[in-house]
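Report on the following structure.
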Amino acid sequence: MGKENMIDCFIPFSGVQEVKETVAGLRKSGIVNKIYLLAVQQESKDIQESKVIRGATQPESEAESERIRKEIAKMEKCELINTDSLRSTSTVKKIANHTTAPFTLIYLKDSALIPGLFSLERMAKVAEDTGAVMIYADHYQVIGGKRIAAPVIDYQFGSLRDDFNFGSLLLFNSLSFKNAVSGMAESYSFAGLYDLRLRISRLGEIIRINEYLYTEVEKDLRKSGEKIFDYVDPKNRAVQVEMEQVCTEHLKAVGGYLKPHFGEIDFSRGDFKYEASVIIPVFNRIKTIKDAMASVLRQKTSFPFNLIVVDNHSTDGTSEAIDEFVSDKRVIHLIPDRDDLGIGGCWNWGVHHPECGKFAVQLDSDDIYSGNDTLAKIVDAFYSQKCAMVVGTYMMTNFNLEMIPPGIIDHREWTPENGRNNALRINGLGAPRAFYTPVLREIRLPNTSYGEDYALGLNISREYRIGRIYDVIYHCRRWEGNSDADLDIVKMNAHNTYKDRIRTWELKARISLNKMNKAE
């Protein structure tokens, strides 16, 4: 096979115009061998052919839709492959059975693809030069008619998130692709492509080309703060179950899986004046800090507790607002004598204060406890579940405490049997979080303002049980002042890169732990 037949392309049959534009763009490359159209078959009346045939005033019958697909495929000199889903195991296996070129290209969006000049040649060359099993690249997105840069991030050993953003254009070494698919024993409706990615990562390197090689049309116009909770939306539960199974099998394959055995926790360590301390790190939250503090001071408990507010040199009146509460002897207003602390550093400052209680309980300065019994429920969970960390359930609300989608977030993907393994796949552990202070003082939080709590939870779960509360005990208020309400792509990429590093370090630590335990 010559250089002119290097790539077999698989693209979704979305709409007639989109198919024609995408096929035309691919044909301009001199190295495309065959183009296959992936046609997702109807499964219900709410998935109408209007998605496939743009501009139709009435949905077509499946038979008529199939006829039109075949006509378009013939017209564009493509082969039609009927599929159940673009991300199912069945589709991945069909692609493996059809591809014959050295490289396999999969496009995932239902909008038109515009390859850059010699972009496919560039991807194939890098794949050849490096021996990579998979290639992806930075690209452009058209949003509202405007083209913007959409850089992605480098893949790491710990890049286990099932929603890792590769962009929509993936190039695989076909031999590695087939080898990965050959080991697929389970059949997934949603996690087939994720299964493929993890399997192929065990065969070689996944490489990002930090060059802008194509343009795609982006239809999801939500802000970053509206997207970050997609993975915990209850309607996606079936998807999450499959993703968890795939990730768990991958952890077993690389030696990072932890069995459900936990270290004993000794609650007699230390001499604490207070049973619990609520810690609020804050910087410039004049609009919300009073509500947060008041929700703490309303707590009804049978034990002594206090409130430690670590004020990171606020300048908007927050400091003065905090001082309005200090007549209550339970309130400690701390202003660190250094100016290089992130949220994690502020937590460390509060936790190591001599007045910190046996249990350190989180409350963000934007949020409030949902009832007067939140603190009592958290402390009870430590003793009843014999754990070093507790994670609660929260409800998403607007600023006026009215519930907003996706509603109640209970993180039921965290189970005693597999939670600490599944935690390496998801992007957070829930809220509110609380910690046994002696353990927290030993581990310490990273001095960052993003991912610090996630890193801590992964570290604690490596040895200790994490307890769960499934009652709503916390209101997470979403408003324009949230730090993650509308992040630009650069900031989002920095956050995701850091969390992937956290996963990489944790995964390596767990592999080392398993090797050490096996050697004993």
Side-chain angles (χ1 to χ4, degrees), residues 130 132-138 150-167 194 197-198 200-202 204-210 224 227-228 231 243-244 246-248 250-251 253-258 281 340-348 389 391 413-414 419-431 433 435 440 442-463 466 483-484 487-515:
T130 63
V133 296
M134 176 178 153
I135 295 286
Y136 64 107
D138 293 350
V152 287
I153 63 177
D154 291 326
Y155 194 80
Q156 303 179 49
F157 183 53
S159 296
L160 301 181
R161 286 181 297 119
D162 56 81
D163 62 350
F164 184 95
N165 182 20
F166 293 99
Y194 179 50
R197 183 246 290 187
L198 293 184
I200 208 167
S201 73
R202 303 198 292 265
E205 191 174 8
I206 296 178
I207 290 180
R208 166 201 171 205
I209 302 178
N210 53 330
S224 63
K227 297 178 182 179
I228 59 176
Y231 73 102
M243 298 296 184
E244 177 177 358
V246 168
C247 184
T248 301
H250 175 72
L251 292 175
V254 300
Y257 170 79
L258 295 181
D340 60 349
L341 298 182
I343 293 176
C346 288
W347 254 89
N348 287 330
M389 176 177 172
V391 179
E413 71 276 359
W414 186 280
R420 57 181 179 175
N421 295 302
N422 199 27
L424 287 168
R425 177 186 65 87
I426 60 178
N427 229 18
L429 300 182
R433 297 164 292 274
F435 311 91
L440 187 54
E442 290 174 357
I443 297 176
R444 304 182 185 90
L445 285 84
N447 184 27
T448 66
S449 292
Y450 179 81
E452 72 289 336
D453 50 349
Y454 180 63
L456 184 61
L458 290 180
N459 197 312
I460 289 175
S461 70
R462 194 190 314 162
E463 180 177 357
I466 291 184
S483 58
D484 57 1
L487 301 178
D488 60 36
I489 188 66
V490 175
K491 194 68 173 179
M492 287 176 58
N493 282 348
H495 285 180
N496 286 325
T497 295
Y498 179 61
K499 277 200 172 179
D500 280 353
R501 286 212 179 99
I502 290 171
R503 295 184 186 93
T504 297
W505 298 332
E506 180 63 27
L507 181 53
K508 289 183 176 180
R510 294 182 181 196
I511 291 172
S512 296
L513 177 64
N514 284 335
K515 288 180 178 178

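When all heavy atoms are compared, the tightest approach of Ala423 to Leu429 is CB-CD2, 3.8 Å. For the residue pair Pro281 and Ile343, the shortest heavy atom distance occurs at CG-CG2, 4.1 Å. Closest approach of Thr504 and Gly158 over heavy atoms only: OG1-N, 2.8 Å. The two residues Leu198 and Cys247 come nearest to each other via the heavy atoms CD1-CA, 4.1 Å.
Residues forming a side-chain hydrogen bond (donor to acceptor under 3.5 Å, both in side chains) with Thr497 (at least two apart in sequence, or on another chain): none. Scored by the salt bridge (charged side-chain N to carboxylate O under 4.0 Å, His left out) test, Arg420 finds no partners at all (sequence neighbours excluded). Not counting sequence neighbours, the partners of Arg208 by the salt bridge (charged side-chain N to carboxylate O under 4.0 Å, His left out) test are Asp138, Asp154. In terms of the side-chain hydrogen bond (donor to acceptor under 3.5 Å, both in side chains) criterion, residue partners of Arg510 (sequence neighbours excluded) are, by chain and number, Ser461, Glu506. For Leu513, the side chain to side chain contact (heavy atoms under 4.5 Å, CB included) criterion is met by Leu258, Arg462, Met516, Asn517, not counting sequence neighbours. With sequence neighbours excluded, the residues that form a side-chain hydrogen bond (donor to acceptor under 3.5 Å, both in side chains) with Arg425 are Asp162, Gln240, Asn422. Among residues two or more places apart in sequence or in another chain, the side-chain hydrogen bond (donor to acceptor under 3.5 Å, both in side chains) test is passed with Ser159 by Asp500. Under the ring pair (Phe, Tyr, Trp, His ring centres under 6.0 Å) criterion, Tyr136 pairs with Phe166, not counting sequence neighbours. Among residues two or more places apart in sequence or in another chain, the side chain to side chain contact (heavy atoms under 4.5 Å, CB included) test is passed with Thr248 by Glu244, Lys252, Tyr257, Asn418. Checked against ring pair (Phe, Tyr, Trp, His ring centres under 6.0 Å), Tyr194 has no partners two or more places apart in sequence or in another chain.
Remark: Ile426 CD1 to Asp163 CG distance equals 10.5 Å, nearest 0.5 Å. Interatomic distance, Tyr155 OH to Ile206 CD1, rounded to the nearest 0.5 Å: 4.5 Å. If you take CD1 on Ile135 and CD1 on Ile209, they are separated by 5.0 Å, rounding to the nearest 0.5 Å. Within the model, atoms OG1 of Thr448 and NE2 of His495 stand 8.5 Å from one another, a figure rounded to the nearest 0.5 Å. Expressed to the nearest 0.5 Å, how far CZ of Phe435 lies from CD1 of Ile460 amounts to 5.5 Å.
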Go through Trp414 and Val391 one step at a time and tell me if the side chain to side chain contact (heavy atoms under 4.5 Å, CB included) criterion holds. CA-CA 10 Å; Trp414 186 280; Val391 179; over 6 Å; no
Checking side chain to side chain contact (heavy atoms under 4.5 Å, CB included) for the pair Arg503/Arg161: CA distance, chi angles, key distance, verdict? CA-CA 9 Å; Arg503 295 184 186 93; Arg161 286 181 297 119; 3.2 Å; yes
Side chain to side chain contact (heavy atoms under 4.5 Å, CB included), that's the test. Do Ile511 and Phe157 meet it? Break it down for me. CA-CA 12 Å; Ile511 291 172; Phe157 183 53; 3.7 Å; yes
Check the pair Asn427, Asn496 against side chain to side chain contact (heavy atoms under 4.5 Å, CB included), reporting the backbone distance first and the verdict last. CA-CA 9 Å; Asn427 229 18; Asn496 286 325; 3.7 Å; yes
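The backbone N or O of Leu341 lies less than 3.5 Å from no partner atom in the side chain of Asn348, so there is not a single donor-acceptor pair. Without hydrogens or angle criteria, Asn459 side chain to Ile443 main chain gives no donor-acceptor distance under 3.5 Å.
In this structure, the side chains of Phe164 and Arg197 come closer than 4.5 Å at one or more pairs of heavy atoms. No side-chain heavy atom of Met492 sits under 4.5 Å from any side-chain heavy atom of Asn165. Two residues are said to be in side-chain contact when any heavy atoms from C-beta on lie closer than 4.5 Å; Leu160 and Leu251 meet this criterion. Residues Pro151 and Ile489 meet the side-chain proximity criterion, which asks for heavy atoms closer than 4.5 Å.
Between Tyr498 and Trp505, the two ring planes are perpendicular [angle over 60°; tilted spans 30° to 60°].
For residues 443-458, every residue pair satisfying the salt bridge (charged side-chain N to carboxylate O under 4.0 Å, His left out) rule, not counting sequence neighbours, is listed here: Arg433-Asp453.
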